[in-house]
Amino acid sequence: MVAYIIDGKAIAAAIRAETARQVEVLVRDYNLIPGLAVVRVGEDPASEVYVRNKVRSTQEVGMHSWEHHLPADVSQETLLRKLDKLNEDHAVHGILVQLPLPSHISEEAVIKHIRVEKDVDGFHIENAGKLMTGQEGLFPCTPVGCVMLAKHCFQHRSQGDLSGLHAVVVGRSNIVGKPLSLLLLRENCTVTIAHSRTAHLPELCRTADILVAAVGRPQMIKGDWVKPGAVVIDVGINRIPGEGGKTRLVGDVDFESAKEVAAAITPVPGGVGPMTIACLLANTVKAACLQRSVDYGTL
Ligand code: GUN
């Protein structure tokens, strides 16, 4: 059996189209144009590409978009004052500070400084607490996207019901592994969080109905770690040497061997990646609704 290749690009495009429709309703019925401000510090080339894509996608769905670029040697104090201004600006409904930040700036202090209602990354400790305790809030974009992809693969189970499935999440980062585990728990999965020190990792992965790889190690998870018929979601984006002196992108899963065993698998690129921006835009609409007391559910 060769796995169904999950088309993250197409699913993300559908989410962006739905977001664009919601923006139209907000503009027409509430005179509200959601706005997203992205702050980038320094010259990290990957961050530059990510931010450019975020700005373009924000504009494409009809929202306001601002990019604030600060020099690599900017002080933490200056960055926090910038965030004060954005926190107070009523046209700005979402604030995202692109990570990583230069080492002299505390990411924790910066994230804590963003108003919780504008924290479209879902990284603020209060949003993390809401996720933990089952309250509504803004939740991290990549994990939300992963759950959507998993539900897409289980459409046949009353529209993506994940109840009772065993999800193994390999990776325990604050950005992906931990929030994703909590989101899957909300979907009534039985969740195991695994990491680099987990004993008998291949055997454990082989018990997963949903296997998520978010460890940042190229092609670590092999086909014989995958249970036949499992859904494999690959969050990794790693650049490795390719043919002819070029480089190529691979995930944390060894795609070629895993696709022979899994029922469904995300490719890299074109799987989880496009979902992150789509969920960021959806979070910005949600944030705008929260701030203007519009019921997001009725849009
Ligand atoms: N850097 C890599 N991924 C992310 C993300 O999801 N949000 C932010 N703010 N920075 C990132």
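Side-chain atoms are counted along with the backbone in the values below, which use heavy atoms only and exclude waters and symmetry mates. Remember, it's 1-based here, ligands and their atoms both numbered in the order they're listed. Worth saying up front: this structure is predicted, and the values here are computed from it rather than measured.
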Checklist entry - Any side-chain donor paired with an acceptor under 3.5 Å for Gln159 and Lys151? => result no
Measure [X] to ligand 1 on non-hydrogen atoms and call it side chain, backbone, both or neither using the 4.0 Å cut-off.
X      : result
Asp121 : side chain
Tyr50  : neither
Thr142 : neither

Checklist entry - Given Lys130 and Glu136, is the salt bridge (Lys or Arg N to Asp or Glu O under 4.0 Å) satisfied, shown in steps? => result CA-CA 6 Å; Lys130 285 178 171 171; Glu136 265 314 308; over 6 Å; no
Checklist entry - Would a distance-only check, ignoring hydrogens and angles, find a side-chain to backbone donor-acceptor pair under 3.5 Å from Lys118 to Ala287? => result no
Checklist entry - Hey, is the main chain of Phe123 close enough, under 3.5 Å, to the side chain of Asp121 for a donor-acceptor pair? => result no
Next on the checklist: Using side-chain contact (heavy atoms from CB on, under 4.5 Å), reason through Val212 and Val176 one step at a time and then give a plain yes or no.
Outcome noted: CA-CA 10 Å; Val212 185; Val176 181; 5.6 Å; no
Next on the checklist: For the aromatic rings, using the six-membered ring if either is Trp, is the centroid distance between Trp66 and His68 under 6.0 Å?
Outcome noted: no
Next on the checklist: I need the nearest protein heavy-atom contact for atom 10 (N) of ligand 1: residue, atom name and distance, please.
Outcome noted: Leu99 N, 3.0 Å
Checklist entry - When you measure from atom 11 (C) of ligand 1 to every protein heavy atom, which one gives the shortest distance, and what is it? => result Gln98 NE2, 3.5 Å
Next on the checklist: Below 4.0 angstrom, counting only protein heavy atoms, does anything approach atom 1 (N) of ligand 1?
Outcome noted: yes
Checklist entry - Does the ring of Tyr4 carry Lys259 above it, NZ/CZ under 6.0 angstrom from centre and within 45° of its axis? => result no
Checklist entry - Is the closest N or O pair between Val97 and ligand 1 shorter than 3.5 Å? => result yes
Checklist entry - So is there a nitrogen or oxygen of Ile175 less than 3.5 Å from a nitrogen or oxygen in ligand 1? => result no
Checklist outcome for this item: So the atoms of ligand 1 within less than 4.0 Å of a heavy atom of Leu96 turn out to be 9 (N)
